There are 2 protein chains.
Amino acid sequence: MSKAGQHALITLRKMIASGELAAGERVAEIPTAEALGVSRMPVRIAFRTLEQEGLLVKAGARGYTVREISPESIAGAVEVRGVLEGLAARQAAERGLSAKSVAVLRQCLDDGDQLFEKGYVTEEDLEVYHDLNLRFHQQIIEASGNPAVSMALARNEHLPFASVSALAVDSNDMRREFRRFNFAHMQHHAVFDALLSRQGARAEAIMREHANATLRYAEVFASTAGMADSIKVIQREEQK
Amino acid sequence: MSKAGQHALITLRKMIASGELAAGERVAEIPTAEALGVSRMPVRIAFRTLEQEGLLVKAGARGYTVREISPESIAGAVEVRGVLEGLAARQAAERGLSAKSVAVLRQCLDDGDQLFEKGYVTEEDLEVYHDLNLRFHQQIIEASGNPAVSMALARNEHLPFASVSALAVDSNDMRREFRRFNFAHMQHHAVFDALLSRQGARAEAIMREHANATLRYAEVFASTAGMADSIKVIQREEQK
DNA sequence: CAGCCCTAAATTGGATCCAATAAAACCTTA
DNA sequence: TAAGGTTTTATTGGATCCAATTTAGGGCTG
């Protein structure tokens, strides 16, 4: 479905997220259309979509500029994710988990236990963890039965650096990373326990705090370019 | 700027919100373009935007359908608004209010006091209240200094019936409406007090509960068509 | 009689063309 | 020389045209 349009959209998203399009830079339809090898029409649609997602801002009547990303705005988006996932967890606890949800969540927990059992992690382990982390969070959001939460989160995820779908890993200090992700995994266990026990407030509190645990993007962003060499970003592909 | 496009967008929004386009109904480009008297292009853009806003859902490869609105989904959106505005209030309390914010909020409170002082309200009073209510909420969101909250809320507001910008008033029972809106106004006072005292948790809790107070759209929606005659909806125009 | 295939129609997405608008540069005048 | 106005150019938004894809309907065959 719609090859050129999808291509333009995800390419532009990547260019913004990777910094290839610098923050504050002005983007115009015709040059980007030529650069992407498509007509102006899909670019126009993509610009509108990216504006909705908050990646571009209208620059008066003359095209768009790339949104400026500050460490504060990243922290703010992480807070938003925290309260939204907290709400999802609370509502999931109040509704009670379906058998399928229990099975999926338990599988994620088991897989994670197996990863961390050996007392250290490799980068490949973290890619696996990243995957099950996504499944875990997604399942809780589904279990909330609140589509508005799901939508609000989906929008927030588009903001670069605030997404669950991006994990920053410092490959120079894998012992520390082990402790960090093991901690995050323990929080998963705690949330699951709270959900099973229908402890809505507890589930919400854990989830809110948990938002800070999995990502250190604010640090990554604030770090100098020289230090950033050791930071590897595990990013999930857009599959829309 | 862009007359046809804006016209198409806001007209379609109104048609969906008013139920002129029934939930689940399929909408195609060509008929709507002809109905609105514009070309297919602005309609296409509008459809994409409305999809981003959650008002339309893609119906496979063949156009869009109007999103189904259930009382549960309205309640869910209200919950989302609650946690987001709660977050905004907490962050505003933690940051502290600027002199301008204090002035604006205090003005809203004074205006409201004047409205409710006489012990009853008219529909015109509620229009005035609606206006200051918007200003009050907007000011707290600004004061949070978190643009991600602002964006997430803006998106959520697009969902019909979940918005602060819509107040449902039962003109058959204005005594009850007086008590309801007076209660909401008292919550404003409490939030303001918490903000001034830098009591973040308290401000957040009040704001979360407050989301349920100002709107009874879930009831309105669930009510039969016959009873809905006495319900008047005060809606703010889109001014984008 | 039913199932499958083929064809036709409808609808969406993309490209090119045209108009409107705003910004920038240059020229003229004081 | 500076300021204001005018002209030109660049860029966005809209319309129409074209291609591709999907769905539905009808016919054919087993």
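Please read all numbers here as calculations on a predicted model, not as lab measurements. First the proteins, then the strands, lettered A, B, ... as listed; each starts at 1.
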Q: Please give, in whole Å, the distance from D:dT12 C1' to A:L56 CG?
A: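 From A:L56 CG to D:dT12 C1': 15 Å.
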Q: Would you call the rings of A:H188 and A:H210 parallel, tilted or perpendicular, where under 30° means parallel and over 60° means perpendicular?
A: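 Plane angle over 60°, so perpendicular.
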Q: Could you tell me the separation between the CD1 atom of A:I30 and the P atom of D:dT9, rounded to a whole number of Å?
A: 15 Å
Q: Look at A:R44 and C:dA15 and indicate whether a side-chain polar atom (N or O) is within less than 4.0 Å of OP1 or OP2.
A: no
Q: Please figure out whether A:M41 or A:G63 has its closest DNA chain D nucleotide nearer the 5' end.
A: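 The residue mapped nearer the 5' terminus is A:G63.
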Q: Between A:F47 and A:Y64, how do the two ring planes meet: parallel, tilted or perpendicular, split at 30° and 60°?
A: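 Ring orientation, 0 to 90° scale: perpendicular.
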Q: Between C:dA15, C:dT11, D:dG13, spot the one nearest the side chain of A:V38, thanks.
A: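 Of the options given, the side chain of A:V38 lies nearest C:dA15.
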Q: Just the rounded figure in Å: distance from P of D:dG13 to CZ of B:R40.
A: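 For the pair B:R40 CZ and D:dG13 P, the rounded distance is 19 Å.
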Q: Measure the distance from OH on A:Y64 to C1' on D:dT11 and round it to the nearest whole Å.
A: 13 Å
Q: Could you tell me whether a side-chain N or O of B:R155 sits under 3.5 Å from a main-chain N or O of A:M151, the two making a donor and an acceptor?
A: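 Pair absent, no side-chain N/O of B:R155 close to backbone of A:M151.
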Q: What integer distance in Å separates A:Q6:CD from C:dT12:P?
A: 17 Å
Q: Contact class for A:I45 (heavy atom, under 4.0 Å): base, sugar-phosphate, or nothing?
A: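 Since no nucleic acid heavy atom lies under 4.0 Å of A:I45, the category is nothing.
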Q: Check this for me, if you would: do B:D110 and B:R106 make a salt bridge, where the nitrogen-to-carboxylate-oxygen distance has to be below 4.0 angstrom?
A: no
Q: B:K58 NZ to C:dT12 P: how many Å, rounded?
A: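 Nearest whole value for this atom pair: 13 Å.
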Q: So, under a plain 3.5 Å distance rule, would you say the side chain of B:R62 forms a donor-acceptor pair with the base of C:dA10?
A: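 Donor-acceptor pair under 3.5 Å: yes.
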Q: Among C:dT12, D:dT11, D:dT16, which is the nearest nucleotide to the side chain of B:S39?
A: D:dT16
